[in-house]
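On a predicted model such as this, the values are computed, not experimentally measured, just so you know.
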Amino acid sequence: MSARALLDGLDFDAYERVVILSPHLDDAALSCGGLLHALQGGSTLVVTICSGNPPAPVAPDGSVSKVPARRGHVSPRIRRSEDIAAMHSIRAEFVHLSFPDSIYRRSAHTNKLIYRSARERWIAPHTDDAAYIEELYLLLRRICLDLGPILLVSPLGIGDHVDHQITARVALRLAAAGAGLLFYEDFPYVADPAMGRGDADGPQAAMARLQLAPAERFSVPVDVEGKLRLLRHYTSQVPVLFGDDERMRAAIVGHQYQGQPCEFYWRPAPARKRALQTAIQGKESMHVDN
């Protein structure tokens, strides 16, 4: 699908605030760094969801034990400090919600970790996460819909990370309640098929998982050096995601549109149009079968 220039294609004056939902303490910068630079100094709010400290396990007798370390994962305190520095560098307003990352969330029924292994993070949300999802929706509804007319910018869920999937589903509920909605392509998952669940996931497949059809695709040119400066604030994450600075540069430069490094955003078709498209596709399938 061809892409329109987002900064020219949308009337940003129609919104009092652009709210970017960031599942983790780097996702907004990774996926929307170009947009954040373009809107620098404007009414932009980055809401990072999984920013909280790991909850301590509670024993059957009610006693609280020390939080066990998850090998290979950096302290949320360190990650919050990285994100604060990054957001300050581009003059973006931000808020860190206190929900824990999926690797730390525990079942309210068993008190055991819901997603116990790395592989379990690349699946559909677990039923034990239902209470968290509802609490997240209610909190974001209060934060976002009390700001006046907003453009909500949500991850699409490319790569299938459970926290990204949950954010996308909650964003759809917020859109149904009145928010304008755009989806961003989850970077670097969209640029590297080996990341995430380990296959070549993309925007069309991610939309299909959300039972959406694309209405329009937008592009935002990326100032490569500016985005690199922004992402270098996340010193704990660059080695994990890219290996080194040069590979990070290559990933940013390699994601292009018409010969220029870009970020991409998608507007879903309205619900009525999606239903019509589904009905048409169903009839076509029946015709082929007959």
Side-chain angles (χ1 to χ4, degrees), residues 1-4 6 20-24 26-28 30-35 49-50 102 115 117-127 129 133 136 152-176 181-220 222 241-242 251-252 254-258 261-286 288-289:
M1 183 182 286
S2 61
R4 278 206 301 154
L6 178 63
I20 299 176
L21 299 180
S22 186
H24 306 109
D26 59 3
D27 286 314
L30 284 163
S31 299
C32 306
L35 180 60
I49 296 166
C50 299
S102 60
Y115 306 100
S117 67
R119 174 174 290 185
E120 288 181 282
R121 283 178 284 154
W122 313 104
I123 58 173
H126 197 282
T127 54
D129 245 352
I133 295 170
L136 174 61
L152 190 66
V153 187
S154 165
L156 189 49
I158 298 169
D160 225 12
H161 192 297
V162 66
D163 286 334
H164 290 234
Q165 293 181 62
I166 288 171
T167 304
R169 295 182 188 191
V170 169
L172 281 172
R173 293 176 66 183
L174 293 170
L181 178 62
L182 276 182
F183 286 107
Y184 61 78
E185 292 188 353
D186 311 63
F187 189 85
Y189 303 118
V190 68
D192 186 351
M195 295 194 72
R197 66 187 189 190
D199 60 7
D201 197 22
Q204 302 284 5
M207 279 202 162
R209 287 194 293 273
L210 295 170
Q211 298 183 321
L212 298 175
E216 199 164 13
R217 183 189 187 209
F218 297 95
S219 64
V220 173
V222 171
L241 294 171
F242 302 101
I252 295 170
H255 205 48
Q256 296 194 0
Y257 182 68
Q258 296 182 340
C262 284
E263 295 167 349
F264 297 96
Y265 300 81
W266 295 78
R267 177 154 45 197
R272 183 176 298 177
K273 184 176 179 181
R274 294 200 302 270
L276 178 61
Q277 288 172 330
T278 300
I280 292 171
Q281 290 168 356
K283 288 180 180 179
E284 290 175 346
S285 176
M286 289 174 64
V288 170
D289 291 340

Within-4.5 Å side-chain heavy-atom neighbours: [X] and [Y]:
X: L35; Y: Y184; value: no
X: S219; Y: Q258; value: no
X: P214; Y: P203; value: no
X: L241; Y: M195; value: yes

From [X] atom [atom1] to [Y] atom [atom2], the distance as rounded to the nearest 0.5 Å:
X: W266; Y: L182; atom1: CH2; atom2: CG; result: 12.0 Å
X: L210; Y: L172; atom1: CG; atom2: CG; result: 5.5 Å
X: D26; Y: S31; atom1: CG; atom2: OG; result: 8.5 Å
X: T167; Y: L156; atom1: OG1; atom2: CG; result: 12.0 Å
X: D27; Y: I20; atom1: CG; atom2: CD1; result: 11.5 Å
X: H161; Y: R121; atom1: NE2; atom2: CZ; result: 5.0 Å

Determine the minimum heavy-atom distance between [X] and [Y], stating which atoms define it.
X: C32; Y: Y265; value: CA-OH, 3.3 Å
X: C262; Y: Y257; value: SG-CB, 4.0 Å
X: R197; Y: D201; value: NH2-OD1, 3.4 Å
X: M207; Y: A213; value: SD-C, 4.0 Å
X: P188; Y: L30; value: CD-CD1, 4.3 Å

Taking atom types as modelled, is there a side-chain donor on D129 or Y115 under 3.5 Å from an acceptor on the other? yes
Mind checking whether F187 and H255 have parallel, tilted or perpendicular rings, split at 30° and 60°? tilted
Whether H164 and H24 hold their rings parallel, tilted or perpendicular, with breakpoints at 30° and 60°: tilted
Taking the six-membered ring of F264, is NZ or CZ of R217 closer than 6.0 Å to its centre and within 45° of its axis? yes
Are any side-chain N or O atoms of E185 and backbone N or O atoms of V190, one a donor and one an acceptor, separated by less than 3.5 Å? no
